[in-house]
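Below is one structure; the comments refer to it alone.
The basis for the numbers below is simple: all heavy atoms, side chains too, and nothing from hydrogens, waters or symmetry mates. Below, chains carry the letters A, B, ... as their sequence lines are ordered, and counting in each starts from 1.
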Amino acid sequence: MKTKFQPDENGYFGEFGGAYIPELLYPNVKEIEDNYIQIIESEEFQKEYRGLLKDYVGRPSPLYYATRLSEKYKAHIYLKREDLVHTGAHKINNTIGQILIAQKLGKTQIIAETGAGQHGVATATVCALMGMDCTVFMGEKDIVRQAPNVARMKMLGAKVVPATSGSKTLKDATNEAIRYWIQNPHTFYLIGSVVGPHPHPDMVARLQAIISEEIKWQMKEKTGKENPDTIIACVGGGSNAAGAFYHYLENEEVELIAVEAAGLGVTSGESAATSQLGEVGIIHGSKTILMQDEYGQIVEPYSISAGLDYPGVGPLHAFLFDSKRAKFMNATDQEALDAAFELTKVEGIIPALETAHAFAVLPKMDLREDQVIVINLSGRGDKDLETYIKHLDA
Amino acid sequence: MNTIAKHLEQKGRNNLSIYFTSGFPELNDTQKVIEELGEAGVDFIEVGLPYSDPLADGPTIQDSSTIALRNGINLDIVFDQLMSIKDSNKTPLVVMGYLNQVLKYGEKRFCEKVVACGIDTVILPDLPMVEYENHYKALFDSYGINNVFLITPNTSEERIRKIDEYTQSFIYMVASSAITGAKGEISDQQIAYFERIKAMNLKSKLIIGFGISNHSTFSKACEYANGAIIGSAFIKNLQNNGIQGIASFVKGIRNA
């Protein structure tokens with residue numbers, strides 16, 4: 001049976017979602033829609049998917065009790081260590097699943113978009129693993145600010161194509177990937193977040209749901225209870241948050257906090273806090289909350305972190321915001337940097353800049369001493385060292 | 001009867017339609033371009049509403065949209081421009097934009113303005129059939145507006161039949177599975193597709209678009225359909241030769 005957090009037959013979560021695609025893409029999307037649930041739920045897929053997650057990705061990722069951070073904030077803080085999985089971020093949970101789906105559909109050429117480069121690396125990795133051809137679209141601006149990931153993708157055999165239109169970031173990389181998909185309908189578009197036309201948001205959420213599946217039994221093992229009081233995750237498109245929230249969506253006792261990037265400040269004009277600045281609109285084939293001007297032109301977002309620099313948000317998250325199931329908070333560039341340095345000093349973990357936003361809301365919360373919090377530590381910070389070095393002595 | 005359908009009915013074959021981006025190359029060129037195209041004897045004109053993220057368009061139209069937006073174009077200005085030539089212009093017009101522009105402008109307000117400009121045909125490439133059936137059909141019908149559907153070599157016969165049923169203007173036949181952009185020739189594969197559609201004996205008129213760029217591709221397309229649409233090649237010409245180059249461009253398409 002479907003829950004209210006799963007899409008209806010037309011791909012809507014509440015009023016958000018759908019598949020607003022040109023006719024040229026209809027057969028491609030339809031092929032996936034007709035097959036994805038059946039494939040994901042098949043025994044064969046589950047065996048391969050879980051086998052690779054265990055032996056290749058290194059799952060389950062640990063749930064780590066952060067003693068010193070907990071002492072500092074006077075609460076019980078657990079970190080879901082997605083930063084420790086292969087390629088350094090949660091993105092690979094999705095790419096492993098989708099490459100298997102692509103295989104079942106007989107696809108051999110893979111395309112993807114990437115912002116911070118983590119999804120690009122995770123896609124290039126599974127393509128190398130399966131011997132498939134890989135093309136990754138990446139904003140020209142992101143190619144510069146995430147150079148180590150560009151080098152990794154190239155070493156893994158992927159072709160990296162710069163997106164030179166618009167803001168030259170994630171939005172434009174996604175536009176270019178969709179355009180290429182239209183021109184080359186035999187390719188498989190391995191989308192990196194819970195965005196895009198139905199069924200992509202649902203497919204990616206199901207593949208990232210492994211995160212909350214593990215949190216449940218790991219919490220039980222460590223505390224005797226499956227449920228934390230609060231789960232915190234950063235949101236750009238929203239895939240790590242979707243994964244961390246997934247098995248708790250219907251359990252209203254668990255507070256869900258989504259943290260968006262406020263850039264230089266929510267009202268500064270240089271921000272990516274979509275829920276605060278956006279209105280209902282259509283982006284990349286999905287009706288969602290979108291940053292746009294009075295004529296519906298999409299506004300260029302800004303964040304220090306390439307992975308959160310997106311003017312929309314996945315339709316599930318738009319619904320979580322609209323229905324108030326999740327609380328949306330935000331953190332500025334500076335707050336994220338401070339949080340990254342704090343986590344590094346207190347726990348010896350350098351988080352990705354995206355992830356640092358999730359930690360940055362801790363000082364803004366009224367925490368109870370017995371409050372059990374899980375923060376999804378979605379990625380590691382190696383790729384952001386250049387930015388961190390710039391701020392080391394600042 | 002729909003304005004475009006009526007024209008196609010009267011003229012029959014060899015209809016030439018030109019797409020251009022409003023507000024390009026200069027903000028107030030919209031009216032001049034329409035006037036020149038009319039004088040050059042174009043059958044109908046697609047007025048592009050510039051969008052920041054035109055997913056179904058290639059780089060040429062995308063770049064022209066970026067320039068038009070930088071020129072300060074917006075829906076209010078375009079509608080004012082179209083209103084100002086409503087009486088003088090005799091060439092049927094179609095507006096082409098993206099659904100988010102309609103949503104944000106207000107669906108009813110959008111329809112009112114379109115109708116006020118004497119236009120009854122819209123192309124919204126990212127409006128999918130299911131949303132049209134569930135919502136937009138009733139809305140557009142109430143304003144006497146017809147939505148143009150696209151079909152591609154991969155569109156199923158069942159879907160084409162449904163589109164034929166919904167169509168009161170024309171069916172936009174995408175020449176290949178590709179986004180807009182001048183290609184220069186028509187392949188045997190494309191001809192097989194044109195013949196397959198022609199053999200379906202649809203009630204609607206067919207106009208071929210995407211990849212039509214010169215006299216040879218235009219005349220080839222006209223063998224299988226009621227006419228063809230040229231977009232990117234026209235925009236390139238407009239960029240290189242300006243408004244004064246429109247007449248000779250159209251002449252070159254019509255006659256080798």
CZ-CG distance between A:R179 and B:D57, expressed to the nearest 0.5 angstrom: 7.5 Å
Taking side chain as C-beta onward, heavy atoms only, is B:D53 less than 4.5 Å from A:I283? no
Is B:D126 reaching over with its side chain to a backbone N or O of A:Y20, donor-acceptor style, under 3.5 angstrom? no
Gap between atom CG of A:L24 and atom CD1 of B:I151 - 0.5 Å precision: 11.0 Å
Donor-acceptor contact below 3.5 Å, side chain A:Q292 vs main chain B:Q101: no
Check whether B:L103 gets within reach of chain A through its side chain, its backbone, both or neither, counting any heavy atom under 4.5 Å. side chain
Can you confirm whether B:N240 is buried at CG, in the sense that more than 12 heavy atoms of other residues, nucleotides or ligands lie under 6.0 Å from that atom? yes
Minimum heavy-atom distance B:N100-A:G296, with the two atoms named: ND2-O, 2.9 Å
Measure the CD1-CD distance between A:I282 and B:E131 for me, rounded to the nearest 0.5 Å. 8.0 Å
If you count heavy-atom pairs under 4.5 Å between each of B:F149, B:Y51, B:Y105 and chain A, which one has the most? B:Y51
From OH (A:Y26) to CZ (B:R159), nearest 0.5 Å: 4.0 Å
Using non-hydrogen atoms and a 4.5 Å limit, figure out which bit of B:L69 sits close to chain A: side chain, backbone, both or neither. side chain
Just to verify, what does A:F13 make a ring-ring contact (aromatic ring centres under 6.0 Å, His included) with, not counting sequence neighbours? none
Contacting region of A:N10 [heavy-atom separation from chain B under 4.5 Å]: side chain
Decide whether A:Y295 and B:D76 meet the rule of one side-chain donor and one side-chain acceptor closer than 3.5 Å. yes
Side chain, backbone, both or neither: which part of A:P22 has a heavy atom under 4.5 Å from chain B? both
Toward chain B, the part of A:K30 with a non-hydrogen atom under 4.5 Å: neither
Separation between CG (B:L75) and CD (A:Q297), nearest 0.5 Å, reads 7.5 Å
What pairs of residues pass the salt bridge (charged side-chain N to carboxylate O under 4.0 Å, His left out) test when at least one of them lies in residues 163-173 of chain B, not counting sequence neighbours? none
In terms of heavy-atom proximity below 4.5 Å to chain B, should A:N28 be classed as side chain, backbone, both, or neither? neither
With B:E46 via salt bridge (Lys or Arg N to Asp or Glu O under 4.0 Å) - residues at least two apart: none
Criterion side-chain contact (heavy atoms from CB on, under 4.5 Å) against B:L55, the qualifying member of A:I21, A:N175, A:L25: A:N175
Heavy-atom contact with chain A under 4.5 Å, split by part of B:P50: backbone
Can any side-chain N or O of B:S52 pair as donor or acceptor with the backbone N or O of A:I298 at less than 3.5 Å? yes
With chain B as the partner chain, list the residues of residues 164-171 of chain A whose heavy atoms fall under 4.5 Å from it, by residue number, and write 'none' if nothing qualifies. A:S165, A:K171
Below 4.5 Å, heavy atoms only, C-beta onward: do A:E23 and B:Y172 meet side chain to side chain? no
